[in-house]
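The structure appears right after this line, and notes come after that.
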Amino acid sequence: MLEYNPLACLPSSEELPDSDDTPVDNELQDLIPGLLKALLAMAWPERMDWFFGVDMGIYYDPDLPAIVPDGFLSLGVERFYDENLRPSYVLWEEKKLPILALEVVSKTYRGEYSTKKAEYGRLGILYYVVYNPFRRRKPRLEVYKLVNNVYELHDGNPVWLPEIGLGIGIERGTYLGIPREWMYWYNQQGQRLLTSEEKAQQAQQEVQVLRERLRSLGIDPDSLT
């Protein structure tokens, strides 16, 4: 008897659009998720069981359009498919819900606190993170966790995410030469993960300290090279 495979009738990731083709109206909607993705790549260099999507469509129903967070994290999936990478994130192929969705609020309101929040909750995405750089009186960063199908707001900055093994928060820093408030990952001690530029600067400072220490001992560091 011929076996029926319902998944064979569904469109694949290669056949679906990779985003909603809506242009961003705030550069931070690309830069902040890009920074978080780059930091994960440095924090988890040996791990191949995670994926961070930036402005990528998440398909959860073949008859409905994708939802497109500014960024999302999935654990327990292949980091790479092949050299062409993922064109989109298709739940009936991945078989793993993202564990975190991120929205960066722009001047054009896109339902980050209402429709998108409800949609992510219906899907069952555990963490929903909203960053609103335009807020002055309310917290700019909000981290929600899904508890009994309802998103509960978690106080703090950073906020520890035990299921991910990292915290997430905001503070001032410099990324791509731009000094401003950025979003970062943090370790369990509350120390933020450094960017590649910051690590290079830290290494240079450590070399300079060592050179000065050698000079204080009467040793010319240039004579050791």
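Because the structure is a prediction, the values reported are computed rather than measured.
Taking all atoms of both residues into account, the shortest heavy-atom contact from Ser216 to Arg213 is OG-O, 2.5 Å. In terms of heavy-atom proximity, Leu28 sits nearest to Pro33 at O-CD, 3.6 Å. For the residue pair Glu78 and Phe51, the shortest heavy atom distance occurs at O-CB, 4.3 Å. The minimum heavy-atom distance linking Gly57 with Ala66 is given by the pair CA-CB, 3.8 Å. Closest non-hydrogen pair, Ser106 versus Asn26, comes out as CB-CB, 4.0 Å. Between Pro45 and Arg79, the shortest heavy-atom contact is O-NH1, 4.3 Å.
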ask   = Ile164 and Leu100: side-chain contact (heavy atoms from CB on, under 4.5 Å), yes or no, with the steps?
value = CA-CA 9 Å; Ile164 297 174; Leu100 179 146; 4.0 Å; yes

message = The test is side-chain contact (heavy atoms from CB on, under 4.5 Å); show your working for Ile168 and Val143 and say whether it passes.
response = CA-CA 9 Å; Ile168 195 166; Val143 180; 4.0 Å; yes

request  = Show your reasoning for whether side-chain hydrogen bond (donor to acceptor under 3.5 Å, both in side chains) applies to Tyr128 and Glu142.
outcome  = CA-CA 8 Å; Tyr128 177 45; Glu142 294 184 350; over 6 Å; no

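The closest side-chain heavy-atom distance from Leu31 to Leu176 is below 4.5 Å. Looking at Asp55 and Gln29, their side chains never come closer than 4.5 Å, going by heavy atoms from C-beta outward. Side chains of Met183 and Leu102 form a contact here, defined as non-hydrogen atoms less than 4.5 Å apart. Side-chain contact between Trp185 and Leu161 is present, with at least one heavy-atom pair separated by less than 4.5 Å. When side chains are defined from C-beta on, Leu166 counts as touching Trp44, because their heavy atoms get closer than 4.5 Å. A 4.5 Å side-chain heavy-atom check between Leu35 and Trp182 finds at least one atom pair inside the cut-off. The side-chain heavy atoms of Ile67 and Tyr120, taken from C-beta on, include a pair separated by under 4.5 Å. Side-chain contact between Tyr186 and Leu193: absent, with no pair of heavy atoms (C-beta onward) separated by less than 4.5 Å.
Distance check, rounded to the nearest 0.5 Å: CG of Leu91 to CG of Asp61 gives 10.0 Å. Distance CG/Leu97 to CD1/Ile58: 8.5 Å, rounded to 0.5 Å.
In the hydrophobic clustering of this structure, Val150 does not group with Leu126; members are Ile, Leu, Val, Met, Phe, Trp, Tyr whose side-chain heavy atoms approach within less than 4.5 Å, directly or through other members. A single hydrophobic cluster is seen to contain both Val54 and Leu75, as judged by linkage of ILVMFWY side chains at heavy-atom distances under 4.5 Å, directly or through other members.
Under 4.0 Å is where a charged nitrogen must lie from a carboxylate oxygen, and between Glu103 and Lys116 at least one such pair does. Of the charged side-chain nitrogens involved, at least one lies within less than 4.0 Å of a carboxylate oxygen, so that Arg86 and Glu94 count as a salt-bridged pair. Note on Glu163 versus Lys145: salt bridge recorded, some NZ/NE/NH1/NH2 to OD/OE distance being below 4.0 Å.
The number of heavy-atom neighbours closer than 6.0 Å to CZ of Arg135, taken from other residues, nucleotides and ligands shown, is above 12. Under a cut-off of 6.0 angstrom, the local environment of NZ in Lys96 is sparse, with at most 12 non-hydrogen atoms contributed by other residues, nucleotides or ligands.
A side-chain donor-acceptor contact under 3.5 Å links Asn187 to the backbone of Gln189. Side chain of Trp50 to main chain of Leu73: no donor-acceptor pair is present (N/O by atom type, distance under 3.5 Å, no hydrogens or angles). The main-chain N or O of Val105 is never found under 3.5 Å from a side-chain atom of Asn132 such that the two would form a donor-acceptor pair.
Between the side chains of Glu198 and Tyr175, no donor N or O sits under 3.5 Å from an acceptor N or O. One side chain, Tyr89 or Ser74, offers a donor N or O that lies under 3.5 Å from an acceptor on the other.
Geometrically, Arg140 does not engage Tyr131 in a cation-pi contact, judged by NZ or CZ lying under 6.0 Å from the ring centre and within 45° of the ring axis. Taking the ring centre of Tyr184 as origin, the terminal cationic atom of Arg192 falls inside the region bounded by 6.0 Å and 45° from the ring axis.
Within the structure, the side chain to side chain donor-acceptor pair (under 3.5 Å) test picks out no pair touching residues 151-160 (sequence neighbours left out).
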